[in-house]
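The figures that follow rest on heavy atoms only: side chains count, while hydrogens, waters and symmetry mates do not. The chains referred to below are lettered A, B, ... by the order of the sequence lines, with proteins before strands, and numbering in each begins at 1.
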Amino acid sequence: MSVVAAISAPTVERRLRAWTLCRVFVRSLFLQASWNPRGMQDLGFADALGPALAELYPDPAERARAAARHLEFFNCHPYAAAAIVGGAARLEEQVAAGKATGEDVSTFKRALGPPFAALGDGFFWLALRPATALAAAMAVPFLGLRALLVFLALYNAVHLTARVWLFWTGYTQGEGIIASVSHAQVPRGTWLLKAAGAVLAGALAARSVLAASLPGRPWHGLLTAVAVVGFALALPRLGLLLAVYLALLVGIALGASIL
Amino acid sequence: VLGPVFTDAASLVAAALSAGAVAGLLAVERKGALQLMLSRPLVLAPLLGLVLGDAHGGLLLGVPLELLTLGGVSLGASLPDNETTLAACMTAMVVPAGLRLGSGVDEALAALGLLLLAPMGAVGRALERFAEERNVALVDRALARLQAGDPTGPRLNLRGMLLPFAITGALTAACVLASPLLAALVRACPARLSAGLEMGWHLVWALSAAAAVRAIRDHRAPALSALAAAAVAGALAIARALP
């Protein structure tokens, strides 16, 4: 039976309770607790599905066999994986009802893991996190310590909403999650966040230059401007650690009037 | 308002233990649990600063460290330098040293702290890899339990958080205990070297801004950043020139 057919097969028996789904979701927040280079998120995935398997398989031996199926290689973005955990819970209902096989669940996980990993990395790690962190960094002179709350609120409002939505949509729609995510305009949102991040990074650089340009030491501002441009160009070749030491040593040499 | 100065050994050990516990918990949050970004330098450094008695000092360290490490992303099996270890160690050593000096965190102290502790990001990455390799044994144990018919095997998942907690906690506590040495080093610095360290911190800020620009991985980002920088610089220069 195909995965799509398995998910869309009409069945009313052995649906998971809402409380069980909540427990699966909460456990999915610990998906990477034992991340390892061999199976990556394998143990976390098996653990997340534990409450669902406990409800579907009252017999401990049968449940252990079902859990063992999930100790297979799995890797995805930890937030986007919520959709796959939800979809797998739905498929496990089908497996328990004899309408799908364990292999269908594995196929579902293998098929959706890589594209959702790419989607999550691009949106959350490379767009949302830089943009919100930069917004908070820009707000520090005005808000002080409250800027942290700006960062956490902006980031987690999107992150937690997305995680809950992905889990629920994955559970209710299975492979239909792909269509739902494609309607969510994620690439457009990613680009907008990256553009906002780039603008904020530029504004931050300008502020650094102007902050260094105090009366009586105008050349500090010029030096900072040259340093920002120089480091931006050389950073990929230097690497961060070398660049940090270069900045510190040049600063010490200039500030101590050694040069 | 600066917190207590850890002059006696007992208060220093107590501060080391509490800072270690907080940093350990935040390190677990970085990858193993939740990922609410509490472990980012921008959040961790002020929180740890609060525990040690100077949240504002932590913020002064956290912002540039955040920008420096903004581009480090864990994609697949690749690991970036561990920004949580770096921020925890920096805060744990610099904040108590500032309290001991009575000045709080200033530019020279922060620069000297970074000079000593910058490799901790790479050290943290190596230790993270070590902890992850140890997790393979957890998976084997879980599988053995399942094969024996015990369905609770996957609960071993949570044990994977112990090692990151212990490693980061221990490193952080050690840095708090070493903070009097940093304070003594700063006291021993001649005025010229202090001025140099201050300048060094300004250039670290410049590097942070450059790293933030590089963190936006899009070919249009440098142009957008340049335009924004020009607009902000122009606007602020005009504002300054106005009577």
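Looking at A:L160, the atoms closer than 4.5 Å to chain B (heavy atoms on both sides) all sit in the side chain, from C-beta outward. Of the two parts of A:A117, neither the backbone nor the side chain holds a non-hydrogen atom closer than 4.5 Å to a non-hydrogen atom of chain B. The contact between A:Y79 and chain B is made entirely by side chain atoms (from C-beta outward), counting heavy-atom distances below 4.5 Å. There is no contact between A:R65 and chain B, counting heavy-atom distances below 4.5 Å. Interface remark: B:P64 contributes no atoms to any contact with chain A (heavy atom separation under 4.5 Å). If you measure heavy-atom distances from A:S208 to chain B, the contacts under 4.5 Å come from the side chain alone. For A:L152, the part lying under 4.5 angstrom from a heavy atom of chain B is the side chain only. For B:S194, no part lies near chain A; criterion is any non-hydrogen pair under 4.5 Å. Within the 4.5 angstrom heavy-atom criterion, atoms from both the backbone and the side chain of B:A33 approach chain A. Using a 4.5 Å cut-off between heavy atoms, A:L241 contacts chain B through its side chain alone, with no backbone atom that close. Heavy atoms of B:R145 lying under 4.5 Å from chain A are absent altogether. For B:R214, the part sitting under 4.5 Å from any heavy atom of chain A is the side chain, from C-beta outward, and nothing else. In this structure, the portion of A:Y245 lying under 4.5 Å from any heavy atom of chain B is its side chain and not its backbone. Both the backbone and the side chain of A:V199 come within contact range of chain B, each with at least one heavy atom under 4.5 Å from a heavy atom of that chain. Using a 4.5 Å cut-off between heavy atoms, B:L67 contacts chain A through its side chain alone, with no backbone atom that close. Both the backbone and the side chain of B:L146 come within contact range of chain A, each with at least one heavy atom under 4.5 Å from a heavy atom of that chain.
Salt bridge status for B:R129 with B:E132: present, with a side-chain N to carboxylate O gap under 4.0 Å.
A donor-acceptor pair is defined here as one N or O able to donate and one able to accept, closer than 3.5 Å; no such pair exists between the side chain of A:R23 and the backbone of A:P51. The closest donor-acceptor contact from the side chain of B:T84 to the backbone of B:S39 lies under 3.5 Å. Under a 3.5 Å cut-off, the side chain of B:N82 and the backbone N or O of B:G121 do not form any donor-acceptor pair.
Of all the listed residues (B:M161, B:M37, B:R217, B:E198), the one sharing the greatest number of non-hydrogen pairs under 4.5 Å with chain A is B:M37. With chain A as the partner, the residue from B:L207, B:L236, B:V232 showing the most heavy-atom pairs under 4.5 Å is B:L207. In terms of heavy-atom pairs under 4.5 angstrom with chain A, the leader among B:L115, B:D150, B:V213 is B:L115. Chosen from A:A68, A:P37, A:A61, A:G120, the residue pairing most often with chain B at heavy-atom distances under 4.5 Å is A:P37. Of the listed residues (A:A46, A:A247, A:A33), the one with the most heavy-atom contacts under 4.5 Å to chain B is A:A33. Highest contact tally toward chain B, considering only A:T224, A:L204, A:N156, is held by A:N156 [criterion: heavy-atom pairs under 4.5 Å]. The candidate from B:G160, B:S225, B:A209, B:A210 with the greatest count of non-hydrogen atom pairs under 4.5 Å with chain A is B:S225. The greatest number of non-hydrogen atom pairs below 4.5 Å with chain A, out of B:E66, B:R155, B:E133, is found for B:R155. Comparing A:A227, A:A205, A:A203 by how many heavy-atom pairs each has under 4.5 Å with chain B, the most go to A:A203. Counting heavy-atom pairs under 4.5 Å between each of A:L235, A:L200, A:V229, A:L249 and chain B puts A:L235 at the top. Of the listed residues (A:L148, A:T132, A:V26), the one with the most heavy-atom contacts under 4.5 Å to chain B is A:L148. For chain A, the option among B:V136, B:T152, B:V63 with the highest count of heavy-atom pairs below 4.5 Å is B:V136.
Within 6.0 Å of the CZ atom in A:R146, the count of heavy atoms belonging to other residues, nucleotides or ligands does not exceed 12. By the neighbour-count criterion of 12 heavy atoms within 6.0 Å, atom CZ of B:R134 is sparsely surrounded, having that number or fewer from other residues, nucleotides or ligands.
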Go through the steps for B:D140 and A:R38 under the test salt bridge (charged side-chain N to carboxylate O under 4.0 Å, His left out), then give the verdict.
-> CA-CA 11 Å; B:D140 288 338; A:R38 191 177 69 192; 2.6 Å; yes

Evaluate salt bridge (charged side-chain N to carboxylate O under 4.0 Å, His left out) for A:E92 paired with A:R69, printing each intermediate quantity in order.
-> CA-CA 11 Å; A:E92 283 295 345; A:R69 281 194 278 107; 2.9 Å; yes

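Side-chain contact between B:L86 and B:D81 is absent, with no heavy atoms from C-beta onward closer than 4.5 Å.
For A:P78 against A:Q32, the heavy-atom pair with the smallest separation is CG-NE2, 3.6 Å. Contact between A:V105 and A:H70 at its shortest, heavy atoms only, is CG1-CE1, 3.6 Å. The nearest pair of heavy atoms linking A:L166 to A:A80 is CD1-CA, 3.9 Å.
In summary, the side chains of A:N36 and B:N135 do not present any donor paired with an acceptor at a separation below 3.5 Å, with no hydrogens or angles considered.
In summary, of the residues considered (A:F30, A:W35, A:F74, A:F73), a ring pair (Phe, Tyr, Trp, His ring centres under 6.0 Å) with A:F45 occurs for A:F74 alone.
A cation-pi contact links B:R220 to A:W191, judged by a cut-off of 6.0 Å to the six-membered ring centre and 45° from its axis.
Ring geometry, A:H159 versus A:F124: the interplanar angle exceeds 60°, so the pair is classed perpendicular (tilted spans 30 to 60°).
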